[in-house]
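We name chains A, B, ... by the order of the sequence lines, and we start the count at 1 in each one. Both backbone and side-chain heavy atoms feed into the values below; hydrogens, waters and symmetry mates do not. Every value quoted in this text rests on a predicted model; they were computed, and no experiment measured them.
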Amino acid sequence: MPELPEVEGVVRDLRPIVEGKTIKSVSLSDVVYTSHEAGKQAIVKNAKPSQFELLVRDMKIDKLERRSKYIFFHLKKDDERFILVNHLGMSGAWFVVTDVLEITEEKFRKHIHAIFTLASGELLVYADIRRFGELRFIKEIADHPPLLKMAPEPFDEIACDFFIMQSEKPKFAKKSIKEVIMDGQVISGCGNIYATEALFKMLIHPGKATNELSREQKTMLFRVICDVLQESIDSGGSTISDYRSINGGAGTMQHRLKMYGKKQCVVCETNTESLVIAGRTSTYCPQCQK
DNA sequence: AACTGAGACCGGGTGC
DNA sequence: TGCACCCGGTCTCAG
């Protein structure tokens with residue numbers, strides 16, 4: 001599952017290849033078309049597939065930006081600017097190839113949903129096995145209100161104060177700390193993997209109520225989250241199940257995880273336990289985390 | 001108005 | 001071999 005470090009890796013790999021290039025045309029899969037005809041919106045949001053194909057045509061990819069777990073393709077045509085917002089969902093992946101057969105992993109090749117033909121002749125391909133990802137063409141961020149509610153980037157200097165402020169609101173204070181740090185309106189980009197890791201490092205039980213933590217503990221927890229995210233960025237992200245960097249690349253952070261997916265605590269060897277918090281499996285050590 | 005919980009979206013993986 | 005079920009990031013909508 002791509003979280004902030006994985007998305008950062010994709011953007012860093014994609015940026016030098018696609019920035020400055022022009023999209024000649026886009027072709028969406030039959031699945032996308034059929035879904036829209038059935039009244040759903042697989043992958044392409046807020047536009048009919050045929051409209052989307054026309055909208056993106058001839059746009060220059062001016063800049064790539066990662067914001068939380070989203071990728072913003074800043075587009076430009078004449079003097080007008082637009083944003084193509086992409087979220088990888090559970091299983092989205094980008095490839096840059098000259099022929100889709102170069103995508104060797106069949107499970108991705110079978111689920112190609114958008115092919116952007118660049119003026120350079122390269123194909124920028126979006127594949128998404130579970131179709132939880134999205135491509136959303138907008139004029140500005142305000143066109144999609146949930147984007148306005150995202151917490152600041154975790155490495156932004158105001159992010160820690162923002163986290164503490166949010167965590168003290170009644171809405172969050174009585175929730176479990178795990179649920180709160182995974183909420184994109186509190187901290188950007190921290191999903192299940194890194195929340196699990198950070199709580200283990202801090203020896204905090206994931207079910208602990210947020211208002212039972214002191215400000216000092218919250219500040220330390222925030223630093224630990226940033227450290228874990230940075231360590232993962234430096235390792236190329238965690239390659240778990242369907243996450244791939246561009247062209248199927250893999251990271252190595254999965255080997256450095258100490259609690260996520262573990263059966264035993266690496267410190268005391270006690271069997272780990274898990275709890276479902278906000279719909280997500282939360283693994284923890286009942287001995288170490290209180 | 002603001003929050004809460006449920007539902008929706010999916011196919012690979014797992015276990016019976 | 002087949003099938004039911006589990007899983008999960010985020011938005012939307014009903015209550």
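In the helix from B:dC3-C:dG15 to B:dC16-C:dG2, the end axes, each obtained as the rotation axis mapping the C1' atoms of four pairs onto the next four within a five-pair block, lie 50° apart to the nearest 10 degrees.
The heavy-atom pair separating A:Arg67 from A:Ser188 by the smallest distance is NH1-OG, 3.4 Å. Scanning both residues, A:Met59 and A:Leu75, for their nearest heavy atoms gives SD-CB, 3.8 Å.
For the pair A:Arg136 and A:Gly279, both in contact range of DNA chain C, the more 5′-proximal nearest nucleotide belongs to A:Gly279. For A:His144 and A:Met90, each mapped to the nucleotide of DNA chain C holding its nearest heavy atom, the one lying further toward the 5' end belongs to A:Met90.
Between the NZ atom of A:Lys45 and the C1' atom of B:dA8 there is a distance of 10 Å, rounded to whole Å. Regarding A:Arg131, its CZ atom lies at a distance of 5 Å from the P atom of B:dC10, rounded to whole Å. The OH-P distance, from A:Tyr260 to C:dG8, rounds to 7 Å in whole Å.
The distance from atom CG of A:Leu135 to atom CG of A:Asn46, rounded to the nearest 0.5 Å, is 12.0 Å. A distance of 5.5 Å separates SG of A:Cys160 from CZ of A:Phe222, quoted to the nearest 0.5 Å.
Among the atoms of the strands shown, none is found under 4.0 Å from any heavy atom of A:Lys169. Residue A:Ser91 is out of contact with every strand shown, counting any heavy-atom pair closer than 4.0 Å. Residue A:Phe172 is out of contact with every strand shown, counting any heavy-atom pair closer than 4.0 Å.
Closest approach to the A:His111 side chain among C:dT10, B:dC3, B:dG12 is made by B:dG12 (side chain taken as heavy atoms from C-beta onward). Taking every side-chain heavy atom of A:Arg280 into account, C:dG8 is the closest of B:dG11, B:dC3, C:dG8.
Remark: ring of A:Phe132 does not overlap the six-membered base ring of C:dT10 in a stacked fashion, as centroids less than 5.5 Å apart with planes less than 30° apart are not both met.
Between the side chains of A:Ser274 and A:Tyr284, not a single donor N or O lies within less than 3.5 Å of an accepting N or O. Checking A:Ser282 against A:Lys178 by side-chain atom types alone, a donor-acceptor pair falls below 3.5 Å.
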